[in-house]
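These notes are about the structure you will find just below.
Bear in mind that the values here come from a model prediction, so they are computed numbers and not experimental data. Naming: A, B, ... by sequence-line order, numbering from 1 per chain.
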Amino acid sequence: MSEEQHLNFIEEIVEGDLAAGKYGSIVTRFPPEPNGYLHIGHAKSICLNFGLAQKYGGKTNLRFDDTNPVTEETEYVESIKNDVQWLGFNWAEELYASNYFDQIHGFAVRLIEMDLAYVDDSSSEEIATQKGTPTQPGTPNVYRSRTVTENLQLFEDMRLGKYADGEKVLRAKIDLASNNMHMRDPIIYRIKHAHHHRTGNKWCIYPMYDFAHGQSDAIENITHSVCTLEFIPHRELYNWFIEKLSIFPSKQYEFARLNMTYTVMSKRKLLQLVQENHVTGWDDPRMSTISGMRRRGYPAAAIREFCDRIGIAKRDNLIDISLLEFCVREDLNKTAVRRMVVFDPLKVIITNYTGEGEILHSENNPEDQNGGTREVPFSKEIFVERDDFMEEPSKKYFRLAPGQMVRLKSAYIIKCDDFVKDANGNVTELHCSYIPESKSGSDTSGIHVKGTLHWVSTAHAIPAEVRLYDRLFNVEDVAGAEGDFKDYINTDSLTVVPHAYAEPALLHDSIGVGFQFLRKGYFCADKDSTPTKLVFNRTVGLKDTWAKEVKKGA
RNA sequence: UGCCUGAUAGUAUAAUGGUAGUACGACUGUUUUUGGUGCAGUUUGUCUUGGUUCGAAUCCAGGUCGGGCAACCA
């Protein structure tokens, strides 16, 4: 009652329709064309369409808008199904616009019979010219006054394959003077002698989007057909066909598509990145595709949360990618298993440690009481991160420096006594002493240190490759930037750390879980990872207030 | 030149004629065996000009700015 339910404008429409008794329950659909992989923008649409049905007790169909056989492939169908499922949604029915080709063809015949469609022999250029311009009305050509009988015969001949591609089209007869260019006798059927991934060679004529989408919606009794803003001018046509054909009156509603900083969101551009090898594939972890994000380690729940937070409205937007990253961290912080991995090793010898070594225990996740612990071997010689030592520390540097003390996570407090340099002046080794009574969990030393470091015992360290990703583009608004979007590709978007050192527990961890490498960020095993060669992707870094501090000083 | 759309903190999004709120970001402080997390707090906004009204982000009119529309693509 009292909770503030902020409805988006589409939810308001749905609630209004339901309250008015317009529909018993709602039916939505997610209608991708299988000509590429799904991206985060599709996720927004998926969450909206499936979310609506879940919230109001309806159903959602997955419908492939496969009306253009030359761009569509089964590979894409499979990837789309996989991505929608991975995101956590189940469709009521798996459908294809091509299932309806017979019915849609029948609709076209009906239109011809009503003298509302005609076969046009003009070339595509002629048709474009005859359409006029937004400020000048179009002009009818001779074909527009063909008789119903003639049109029926010609359309049938088109279907029979008597004409070559482009020789003839079927056009709706509407209004060549309309302010809406889409109403100026739009083409509704074209000839394409092409193999279709579902219907094979059965057809050589295919309906255009405008003559398939609304009809498919109607056939499926879709109550709320939600699409993006650029289809607003199509709505008039959408309604016109439904009215003339007297079919189920689906209603189209439009929302603003997702735009995100530092990335591109169009299948055409994503395809280009793949084809020109700017990335390794559709599932490259830097891609804005669902499959790329999955491989990068973004949890589905985080993507759903993101889609929830960005809202649904009609205003053009450019969402900061850091909001997505926030959602990813928020999710992973609660679920990721903590491990220690040193990327850039600096050897530390604990000079006063006389034991053989020992097994210590460290919690798997401080956020999860039931997460348990793991064994971490400790010994006289360990690796720490090279940038966790400074010969001449700045004032607020809480890590190792001559005479300075830190805690080794889940182990002991150590003090840096000395360091060794090579001929080039590079620090090669630290000599530290440990405080025996400072052992984690039974610390009686009374010493408090400000810094805690991750570390790995050199004798037990497991080599691993770590891949660090940065934004794929170096401008915020890639689509809005002048010139070719490829000019803005960030050439440093991938950094490989070939020889990182991981604690041994990581060897036995199952693939598919999210990790937090302490103080380094969130990671997941890549599909390239094998038992003999571990490979990890950095999903996202940790919030780093120290880096910010350093930057300020610089 | 036409038509269609939209405009609320830096970014998104609510307030549906009656206290401009929330989240992310930024900044403080605090807690912490991750410079992480958590907690507390601060910060910044109704495109503009008129009108209607006791009262306007909301309604009306004009302007400004943004996006879209003339593929045998979807």
Worksheet item: For A:I413, which contact category applies under a 4.0 Å heavy-atom criterion: base, sugar-phosphate, or nothing?
Response: nothing
Worksheet item: In Å and rounded to the nearest 0.5 Å, what is the CG to OG distance from A:L38 to A:S288?
Response: 10.5 Å
Worksheet item: Do A:K415's NZ or CZ and the ring of A:Y434 fall within the cation-pi criteria of under 6.0 Å and 45°?
Response: no
Practice prompt. Give the rounded distance in Å between these two atoms: CH2 of A:W546 and C1' of B:U34.
Written response: 15 Å
Fill in: Span that lies between the P atom of B:U42 and that of B:U53, in whole angstrom
39 Å
Worksheet item: With a non-hydrogen cut-off below 4.0 angstrom, is A:G441 in contact with a base, only sugar-phosphate, or nothing?
Response: base
Worksheet item: Does the ring center of A:F536 lie less than 6.0 Å from the ring center of A:F517?
Response: yes
Worksheet item: Can A:R198 be said to sit on top of A:Y96's aromatic six-ring, NZ or CZ under 6.0 Å from centre and within 45° of the ring axis?
Response: yes
Fill in: A:D443 vs A:Y522, nearer the 5' end of RNA chain B by closest nucleotide
A:D443
Fill in: Phosphate contact (B:A12 OP1 or OP2) by A:R309 side-chain N/O below 4.0 Å
no
Discussion item. Tell me the interatomic distance from A:K450, atom NZ, to B:U32, atom P, rounded to whole angstroms.
Written reply: 12 Å
Discussion item. Below the 4.0 Å mark, does B:G35 have OP1 or OP2 next to a side-chain nitrogen or oxygen of A:R399?
Written reply: no
Worksheet item: NZ/A:K439 to CZ/A:R407 distance, rounded to the nearest 0.5 angstrom?
Response: 11.5 Å
Response to the item:
5' to 3', nucleotides 67-74 of chain B under a 4.0 Å protein heavy-atom cut-off (B base, S sugar-phosphate only, - none) gives S-SB-BSB
Discussion item. For the aromatic rings, using the six-membered ring if either is Trp, is the centroid distance between A:F211 and A:F241 under 6.0 Å?
Written reply: yes
Discussion item. From the set B:U37, B:A12, B:G35, return the single nucleotide nearest to any side-chain atom of A:K543.
Written reply: B:U37
Worksheet entry | Whole angstrom value for the distance that separates P of B:C3 from CZ of A:R184 | 13 Å
Item to complete: Using Watson-Crick or G-U wobble geometry with both distances below 3.5 Å, tell me the partner of B:C59, or none.
Response: B:G51
Worksheet item: Out of B:U33, B:A14, B:G35, which nucleotide sits closest to the side chain of A:S440?
Response: B:U33
Discussion item. Using a 4.0 Å heavy-atom cut-off, does A:F398 contact any base of the nucleic acid, only the sugar-phosphate backbone, or nothing at all?
Written reply: base
Fill in: Protein-nucleotide distance (A:K548, atom NZ; B:A26, atom P), rounded to Å
4 Å
Discussion item. Can you say whether a donor on the side chain of A:R519 sits under 3.5 Å from an acceptor on the base of B:G35, or the other way round?
Written reply: no
Discussion item. How many whole angstroms separate atom CG of A:N364 from atom P of B:U34?
Written reply: 16 Å
Discussion item. Under a 3.5 Å cutoff, is there a donor and acceptor pairing between the side chains of A:D217 and A:Y238?
Written reply: yes
Worksheet item: A:I414 CD1 to B:U33 C1': how many Å, rounded?
Response: 13 Å
Practice prompt. Sticking with atom C1', work out how far B:G62 lies from B:A23, rounded to a whole angstrom.
Written response: 36 Å
Worksheet item: Using purine N1 to pyrimidine N3 plus N6-O4 or O6-N4 for Watson-Crick, or N1-O2 and O6-N3 for G-U wobble, each under 3.5 Å, what pairs with B:G36?
Response: none
Worksheet item: Over how many whole Å does the gap from A:R257 atom CZ to B:G66 atom P extend?
Response: 21 Å
Discussion item. For the C1' atoms, the ones on B:U43 and on B:G25, what distance do you get once it is rounded to whole angstrom?
Written reply: 11 Å
Fill in: Nearest-Å distance once atom P is located in both B:U46 and B:A40
28 Å
Worksheet entry | Complementary nucleotide for B:C73 - Watson-Crick or wobble, under 3.5 Å | none
Discussion item. Just to be sure I understand the rule, does A:I312 reach a base, reach only the sugar-phosphate, or reach nothing, if contact means heavy atoms closer than 4.0 Å?
Written reply: sugar-phosphate
Discussion item. Work out how far the P atom of B:G66 is from that of B:U8, and round it to whole angstrom.
Written reply: 14 Å
Practice prompt. Check every strand shown and say whether A:Y397 touches a base, only sugar-phosphate, or nothing at a heavy-atom separation below 4.0 Å.
Written response: base
Worksheet item: Which part of the nucleic acid does A:K409 contact within heavy-atom distance under 4.0 Å: base, sugar-phosphate only, or nothing?
Response: base
Worksheet entry | Residue matched to B:G21 through Watson-Crick or wobble contacts both under 3.5 angstrom | B:U13
Practice prompt. Using the six-membered ring of A:Y206, assess whether NZ or CZ of A:K192 lies under 6.0 Å from its centre and within 45 degrees of the ring axis.
Written response: no
Worksheet item: Which one, B:U33, B:G36, B:A14, comes nearest to the side chain of A:A313?
Response: B:A14
Worksheet item: Can you tell me how far C1' in B:U22 sits from the matching atom in B:A15, rounded to whole Å?
Response: 11 Å
Item to complete: Scan every strand shown for a Watson-Crick or G-U wobble partner of B:G66, both distances under 3.5 Å, and answer none if you come up empty.
Response: B:U5
Discussion item. Both distances below 3.5 Å, Watson-Crick or wobble geometry, any strand: find the nucleotide opposite B:G41.
Written reply: B:C27
Worksheet item: Got a second to check how far A:I413's CD1 is from A:D443's CG, nearest 0.5 Å?
Response: 5.0 Å
Discussion item. What contact category does A:E254 fall into here, base, sugar-phosphate, or nothing, at under 4.0 angstrom with non-hydrogen atoms?
Written reply: nothing
Item to complete: Could you tell me whether A:R338 contacts a base, only the sugar-phosphate backbone, or nothing, with contacts defined as non-hydrogen atoms closer than 4.0 Å?
Response: base
Response to the item:
Taken to the nearest 0.5 Å, the spacing of A:L160 CG from A:E156 CD works out to 5.0 Å
Worksheet item: When only distance counts, do a donor and an acceptor, one from the side chain of A:Q136 and one from the base of B:U1, lie under 3.5 Å apart?
Response: no
Discussion item. By the 4.0 Å heavy-atom rule, please label A:K396 as base, sugar-phosphate, or nothing.
Written reply: base
Practice prompt. Tell me, please, which residues at least two apart from A:F306 pass ring-ring contact (aromatic ring centres under 6.0 Å, His included).
Written response: none
Worksheet item: Mind checking the P distance from B:C65 to B:U48? Whole angstroms is fine.
Response: 15 Å
Worksheet item: How far does the C1' atom of B:C54 sit from the matching atom of B:C4, given to the nearest Å?
Response: 38 Å
Worksheet item: A:F326 has an atom CZ; how far is it from atom P of B:A26, in whole Å?
Response: 11 Å
